[in-house]
Amino acid sequence: MPRLTPITERTQLSGESLNAFDSIVESRGRINGPQSMHMYVPDIARCSIELSDVLLYKSGLSAHDVELAILVSAREMDCEYVWASHTNSGIKAGVRLEAIEIIGEFKNLDNLTEDEAVIVQYGREVLGSHKVDQATFDRVFARHGESGTIAIGALMGYYAMLSCTLIGTAMEPANQDHPLPKR
């Protein structure tokens, strides 16, 4: 049970909050879990959706790489909601089940492709140990260039922010097709 009542209906709001609500519904068709909490500060909800759109659709990253980075962020943050929300999206975007298992269980990266390993290692370092080795940075940079490297870090940071909101408010995922393995 979430610690705050999710704001998912227009009738729960008034005044300027309605503009943010309407903007999000127009963009997404509905208010999702993280946004239902961000609506307590409508400007955060609105800005969050705008940033999400850039990171997901305008960053130049492939859908596969986006979903892989999100799953790494969910794992590093131990966020069951994001993990559950993105395992099926990841599979649809071409993320291999083996890669999802390796991420989820903190397994060795040897059975990942080089493209997968670069993103997973970067996420483990930036979110897990809070520092990135030069060799890891160089691998990400060689594969994704300047803008891609920044986009991957920003995407992971964005999902870390969502995870903080979801964990703090005790939002639980509805979908448990692929539960987040316990540490």
Side-chain angles (χ1 to χ4, degrees), residues 28 32-35 48-168 170-183:
R28 296 294 195 274
N32 66 20
Q35 296 310 316
S48 175
I49 285 295
E50 290 173 11
L51 179 57
S52 173
D53 286 349
V54 170
L55 293 169
L56 296 175
Y57 310 117
K58 299 176 184 176
S59 67
L61 298 173
S62 70
H64 173 275
D65 290 351
V66 163
E67 292 298 332
L68 191 69
I70 292 169
L71 288 168
V72 174
S73 184
R75 169 71 280 178
E76 290 299 322
M77 294 297 296
D78 293 327
C79 186
E80 293 179 26
Y81 191 100
V82 171
W83 182 265
S85 298
H86 284 275
T87 49
N88 286 332
S89 299
I91 292 166
K92 287 177 188 168
V95 178
R96 299 176 307 123
L97 282 173
E98 182 179 17
I100 293 170
E101 179 184 318
I102 288 168
I103 294 164
E105 297 179 10
F106 294 104
K107 289 184 176 180
N108 183 291
L109 305 184
D110 290 344
N111 290 328
L112 294 178
T113 67
E114 179 62 16
D115 286 338
E116 293 166 338
V118 164
I119 292 172
V120 174
Q121 185 64 38
Y122 188 72
R124 285 181 176 179
E125 290 182 22
V126 77
L127 291 172
S129 62
H130 309 130
K131 58 184 170 187
V132 176
D133 290 337
Q134 187 64 47
T136 301
F137 178 85
D138 292 345
R139 285 173 64 204
V140 173
F141 186 81
R143 287 194 119 55
H144 297 281
E146 294 168 343
S147 64
T149 300
I150 296 303
I152 290 168
L155 180 63
M156 289 177 177
Y158 175 78
Y159 275 88
M161 176 198 71
L162 291 183
S163 295
C164 289
T165 298
L166 294 163
I167 292 166
M171 287 289 289
E172 295 181 11
N175 170 2
Q176 290 290 340
D177 291 347
H178 303 277
L180 181 68
K182 300 295 178 207
R183 277 194 194 241

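This is a predicted model, so every value here is computed, not measured.
Counting only N and O atoms by type, the side chains of S73 and Y158 include no donor and acceptor under 3.5 Å apart. In this structure, a donor-acceptor pair under 3.5 Å is present between the side chains of T136 and E125.
Remark: side-chain polar atoms of W83 are not paired, donor with acceptor, to backbone N or O of P181 under 3.5 angstrom. The backbone N or O of I103 sits nowhere less than 3.5 Å from a side-chain atom of R75 that would complete a donor-acceptor pair. When atom types are taken as modelled, the side chain of S163 and the backbone of Y159 share a donor-acceptor pair closer than 3.5 angstrom.
The pair E80-K182 meets the salt-bridge criterion, since a charged nitrogen lies less than 4.0 angstrom from a carboxylate oxygen. Under a 4.0 Å N-O distance rule, the pair R139/E114 qualifies as a salt bridge. Salt bridge annotation for R96-E116: present, with a cationic side-chain nitrogen under 4.0 angstrom from a carboxylate oxygen. Taking a cutoff of 4.0 Å between a charged side-chain nitrogen and a carboxylate oxygen, D53 and K58 do not qualify as a salt bridge.
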Query - Verdict with reasoning, Y81 to E172, per side-chain contact (heavy atoms from CB on, under 4.5 Å) - result: CA-CA 6 Å; Y81 191 100; E172 295 181 11; 5.8 Å; no
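When side chains are defined from C-beta on, V95 counts as touching I100, because their heavy atoms get closer than 4.5 Å.
Residues that satisfy the side-chain hydrogen bond (donor to acceptor under 3.5 Å, both in side chains) test with K131, not counting sequence neighbours, are absent from this structure. With sequence neighbours left out, D133 forms a salt bridge (Lys or Arg N to Asp or Glu O under 4.0 Å) with no residue at all.
For K107, the NZ atom sits in a packed shell: over 12 heavy atoms of surrounding residues, nucleotides or ligands are nearer than 6.0 Å.
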